[in-house]
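For reference, the structure discussed in these notes is given below.
All chains are named by letter (A, B, ...) in the order of the sequence lines, taking the proteins before the strands, and each is independently numbered beginning at 1. Heavy-atom basis, side chains included; hydrogens, waters and symmetry copies ignored. Predicted, not measured: the structure shown is a model, and the values here were computed from it.
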There are 2 protein chains.
Amino acid sequence: MSAPFQDVTDAELAVLDVLWKHEDEHAQDQAPGVTIREICQVLYPRGKASEYATVQKLLDRLEAKGCVERRRQSPAHVFFSALSRDELIGRRLNSVAKKVCGGSLTPLLTHLVQNQELTSEERAALRSMLDQFDATKKTRRKGKKK
Amino acid sequence: MSAPFQDVTDAELAVLDVLWKHEDEHAQDQAPGVTIREICQVLYPRGKASEYATVQKLLDRLEAKGCVERRRQSPAHVFFSALSRDELIGRRLNSVAKKVCGGSLTPLLTHLVQNQELTSEERAALRSMLDQFDATKKTRRKGKKK
DNA sequence: CTGCTCTCAGACAATTCGTCTGAACTCCGG
DNA sequence: CCGGAGTTCAGACGAATTGTCTGAGAGCAG
């Protein structure tokens, strides 16, 4: 059964972040999975033995939430993200919109733009994206006219 | 002592939403406060007696978080929001940025724009805001040049 | 067979959250 | 003065969440 939106906890996010960074480093090719031991070494560099089980538990929960994919192989299982950073951003933004603004994303966008922390380069990039969408919409509309 | 950022729960948000709507309705003048009884009537139209205490507890917690202001008056205390809807949006967006994107708000903005759920009107409004900021930055720069 | 690594499965404590109970206070009408 | 209604004050409660931890068992290399 498809579970409703589920967020991830801070500790789970730390684990996901390790997977995302690993996959970014292998963007050119197929990233190999990451083992529990490898995640431990990143998150708890000087960790105790029990932290292995902590990461294990966190991965179990992430898998149950559909955010992580497990591949059983010897000698150790390997893990991949099944939810990208951008997908999580989207989920969380939608959640904020739904709960605080009646579902509308516009107030979020307005807030971000008016926050004035954008550099002029960022604003230029944003304009370029807007132009692209306008062009896309126009082309689609023309296509449909037939 | 100033507490770190604290989010509000869904039930607390429902209470805040009542205050925000009430204050929006009185945007032209000083909004009178809202009583617990009034909040109950909105949130639990056909409620049991215990729901009075639920709203009370939620207001206590919101007050402790600094999100609500209480004014003691007779016959009942009245409440005002001390955190606007837009401020909550900002807090939540910053929280997402901090936890998921290393603090940068740009991926959030990019996500919203590329989400393609913006109407052409919204995109036009966004461009207009960007133009205004560019103009503001230019004016500030000119002024500084002396 | 032993030791190491890993899997599997659960327990645990602290915290959060929404709900609820009950004592006490205030005010007002009779 | 008393009773009733409404409200405040203060806490308890159960369920769920969350990060941590324990322990049995499996697999493998030496």
Side-chain angles (χ1 to χ4, degrees), chain A residues 3-18 32-80 88 91-92 95 99, chain B residues 3-18 32-80 88 91-92 95 99:
Chain A
F5 162 72
Q6 265 180 322
D7 202 2
V8 301
T9 68
D10 288 343
E12 288 164 358
L13 184 56
V15 169
L16 259 180
D17 196 66
V18 173
V34 186
T35 66
I36 295 173
R37 176 63 57 195
E38 285 165 332
I39 297 172
C40 275
Q41 281 161 351
V42 175
L43 294 184
Y44 309 99
R46 268 176 272 282
K48 354 189 193 28
S50 60
E51 276 143 358
Y52 190 98
T54 299
V55 171
Q56 199 164 28
K57 173 62 66 178
L58 294 169
L59 282 164
D60 286 349
R61 288 172 181 164
L62 282 165
E63 187 184 16
K65 288 174 177 177
C67 301
V68 139
E69 173 201 314
R70 175 192 304 253
R71 193 167 303 167
R72 301 167 181 275
Q73 65 180 53
S74 206
H77 297 182
V78 289
F79 296 84
F80 305 81
L88 182 60
R91 285 187 186 189
R92 287 191 174 188
S95 175
K99 290 180 179 183
Chain B
F5 161 73
Q6 265 181 320
D7 202 3
V8 300
T9 70
D10 289 345
E12 288 164 356
L13 184 57
V15 169
L16 260 180
D17 196 67
V18 174
V34 187
T35 67
I36 295 173
R37 176 60 58 197
E38 284 165 335
I39 296 171
C40 275
Q41 280 161 351
V42 175
L43 293 183
Y44 309 99
R46 266 176 275 280
K48 353 187 189 35
S50 60
E51 275 143 356
Y52 190 97
T54 299
V55 172
Q56 198 163 28
K57 173 64 63 179
L58 294 170
L59 282 165
D60 286 350
R61 289 171 181 164
L62 282 166
E63 188 184 14
K65 288 176 176 176
C67 302
V68 141
E69 173 200 315
R70 174 194 303 255
R71 194 167 304 167
R72 300 167 182 274
Q73 66 181 51
S74 205
H77 297 183
V78 288
F79 296 86
F80 305 82
L88 181 60
R91 285 187 184 189
R92 287 192 174 188
S95 174
K99 290 182 180 182

_Quick check on C:dT7: is either OP1 or OP2 less than 4.0 Å from any side-chain nitrogen or oxygen of A:His77?_
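True: A:His77 side-chain N/O within range (under 4.0 Å) of C:dT7 OP1/OP2.
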_DNA chain D contacts made by residues 32-41 of chain A, counting heavy atoms under 4.0 Å_ =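 Heavy-atom cutoff 4.0 Å gives no residues at all.
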Interatomic distance, [X] [atom1] vs [N] [atom2] [rounded to whole Å]:
X	N	atom1	atom2	value
A:Gln73	C:dC6	CD	C1'	13 Å
A:Leu13	D:dG19	CG	P	10 Å
B:Tyr52	D:dC9	OH	P	10 Å
B:Arg71	D:dT8	CZ	C1'	18 Å
A:Asp60	D:dC21	CG	P	17 Å
A:Arg72	D:dA26	CZ	P	15 Å

For residues 33-45 of chain A, which side-chain N or O atoms pair as donor and acceptor with protein atoms under 3.5 Å away, sequence neighbours left out?
unit_1: A:Thr35; atom_1: OG1; unit_2: A:Glu38; atom_2: N; d: 3.1
unit_1: A:Thr35; atom_1: OG1; unit_2: A:Glu38; atom_2: OE1; d: 3.3
unit_1: A:Glu38; atom_1: OE1; unit_2: A:Thr35; atom_2: N; d: 2.8

_side-chain contact (heavy atoms from CB on, under 4.5 Å) partners of B:Thr9, counting only residues at least two apart_ =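 For B:Thr9, the residues satisfying side-chain contact (heavy atoms from CB on, under 4.5 Å) (neighbours in sequence not counted) are B:Ala11, B:Glu12, B:Lys65.
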*Could you tell me whether A:Arg92 and A:Asp7 make a salt bridge, using a distance below 4.0 angstrom between a side-chain N and a carboxylate O?*
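A salt bridge links A:Arg92 with A:Asp7.
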_Strictly by salt bridge (charged side-chain N to carboxylate O under 4.0 Å, His left out), give each pair with a member in residues 53-62 of chain B just once, sequence neighbours left out._
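Matches after skipping sequence neighbours: B:Asp60-B:Arg70.
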*asked:* Counting primed atoms plus P, OP1 and OP2 as sugar-phosphate and everything else as base, spell out the protein contacts along nucleotides 11-30 of chain C at 4.0 Å heavy-atom distance: B, S or - for each nucleotide, 5' to 3'.
replied: ------BBBBB-----S---
*Minimum side-chain heavy-atom gap B:Val78-B:Pro32 below 4.5 Å*: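 No; the side chains remain at least 4.5 Å from each other.
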*asked:* Within the 4.5 Å heavy-atom criterion, are A:Leu88 and A:Leu13 side-chain neighbours or not?
replied: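 Yes; the side chains approach each other to less than 4.5 Å.
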_Shortest non-hydrogen contact from A:Lys48 toward A:Glu51_ =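 Residues A:Lys48 and A:Glu51, closest heavy atoms: N-OE1, 2.6 Å.
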*Residues in salt bridge (charged side-chain N to carboxylate O under 4.0 Å, His left out) with B:Arg71, at least two apart?*
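B:Arg71 satisfies salt bridge (charged side-chain N to carboxylate O under 4.0 Å, His left out) with B:Glu69 only.
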